[in-house]
Amino acid sequence: MKKQLLAWLWPVLWMVLIFTLSHQPAGVSGGISSEIVRQVFSAIASFVPIEFDTLHTLFRKSAHFFAYLVLGLLFAGALGKSGVGLQRALFVAFALSALYAASDEFHQLFIPGRSGEFRDVLIDSAGAATGLFFYRLIAAFKWQHDKKAETSW
């Protein structure tokens, strides 16, 4: 029981982090990401032909993708520790991630200078799906490895 609760703590903490970051007004959020991108841009501008604004957009959208890739993995892990079968865990983890992405974009409608973007929900959901795809691959590999270990006796 304690392991199950701990397993659910991680996705909850990750959702709190996502909420905290998306609760920042546009000026704060944009300023943080602009400073990070400015550092990267100055390091690569001499050999990568990319505009600052393009790099900034890629950075921000990649952050969406990665955040929900992790959330999908955390949900799948928590569901697995709770005894949910793999296929069901993948489906539920994706549904929870997509619903949270939609609720987060709705939440941003009420933050000064921010907007809720359906495109971001799609990016977030693609991130979760990608994380769950890798989770499935690792689970299949682990299952095959365990099967080989059983038959080698």
Side-chain angles (χ1 to χ4, degrees), residues 1-40 43 55-153:
M1 181 68 166
K2 196 173 188 178
K3 284 184 181 181
Q4 288 176 350
L5 284 174
L6 187 59
W8 281 102
L9 178 64
W10 296 115
V12 168
L13 288 174
W14 195 254
M15 290 182 343
V16 168
L17 176 64
I18 290 170
F19 180 88
T20 302
L21 292 172
S22 69
H23 195 70
Q24 297 173 329
V28 174
S29 175
I32 292 169
S33 64
S34 289
E35 186 52 39
I36 294 168
V37 172
R38 202 173 323 286
Q39 298 293 325
V40 172
L55 185 62
H56 191 248
T57 299
L58 283 172
F59 177 82
R60 290 182 70 86
K61 299 311 172 188
S62 295
H64 274 266
F65 186 89
F66 177 75
Y68 282 85
L69 182 147
V70 171
L71 184 60
L73 290 172
L74 293 172
F75 274 139
L79 288 159
K81 291 257 194 285
S82 297
V84 176
L86 179 61
Q87 296 299 6
R88 186 172 177 88
L90 294 173
F91 176 78
V92 172
F94 178 77
L96 290 172
S97 298
L99 285 170
Y100 192 71
S103 73
D104 186 54
E105 290 303 313
F106 179 74
H107 156 248
Q108 287 183 41
L109 293 172
F110 304 98
I111 307 302
R114 303 289 293 262
S115 63
E117 303 278 334
F118 182 69
R119 174 182 60 176
D120 287 346
V121 175
L122 294 177
I123 292 168
D124 299 341
S125 298
T130 301
L132 294 169
F133 172 77
F134 285 114
Y135 188 92
R136 177 69 177 101
L137 283 179
I138 292 166
F141 177 77
K142 185 178 179 325
W143 181 80
Q144 285 181 341
H145 182 267
D146 291 348
K147 276 294 203 199
K148 285 181 184 176
E150 281 178 17
T151 58
S152 67
W153 285 95

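Small disclaimer: the values here were computed from a predicted structure and weren't measured. Computation of the quantities below employed the complete heavy-atom set of this structure, encompassing side-chain atoms and omitting hydrogens, waters and symmetry-equivalent molecules.
- For K81, the NZ atom counts as loosely surrounded, since its 6.0 Å shell holds 12 or fewer non-hydrogen atoms of other residues, nucleotides or ligands.
- Under the 3.5 Å distance criterion, the side-chain polar atoms of Y100 are matched with a main-chain donor or acceptor of M15.
- With rounding to the nearest 0.5 angstrom, the CZ atom of R136 is 11.5 Å from the CG atom of L132.
- Side-chain atoms of H107 and D104, non-hydrogen and from C-beta on, do get closer than 4.5 Å to each other.
- Classification of the W8-F75 ring pair by plane angle, with boundaries at 30° and 60°, yields tilted.
- Taking 4.5 Å as the limit, every side-chain heavy atom of F59 sits out of range of all side-chain heavy atoms of V40.
- Note: F19 and H23 have parallel aromatic rings, judged against thresholds of 30 and 60 degrees for the angle between ring planes.
- No donor-acceptor distance shorter than 3.5 angstrom exists from the side chain of S125 to the backbone of L122, with no hydrogens or angles considered.
- Minimum heavy-atom separation, Y68 to A101: OH-CA, 3.6 Å.
- In this structure a side-chain-to-backbone donor-acceptor pair under 3.5 Å is present from W14 to A67.
- Judged by distance alone, with hydrogens and angles left aside, the side-chain atoms of Q108 form no donor-acceptor pair with the main-chain N or O of R114 at under 3.5 Å.
- Contact of the L71 side chain with the P11 side chain is registered, since non-hydrogen atoms from C-beta on lie closer than 4.5 Å.
- Contact of the R88 side chain with the L79 side chain is not registered, since no non-hydrogen atoms from C-beta on lie closer than 4.5 Å.
- Taking CD1 from I36 and CG from L55, the interatomic distance works out to 11.5 Å, rounded to the nearest 0.5 Å.
- Looking at heavy atoms from C-beta onward, H64 lies in side-chain contact with E105 at the 4.5 angstrom threshold.
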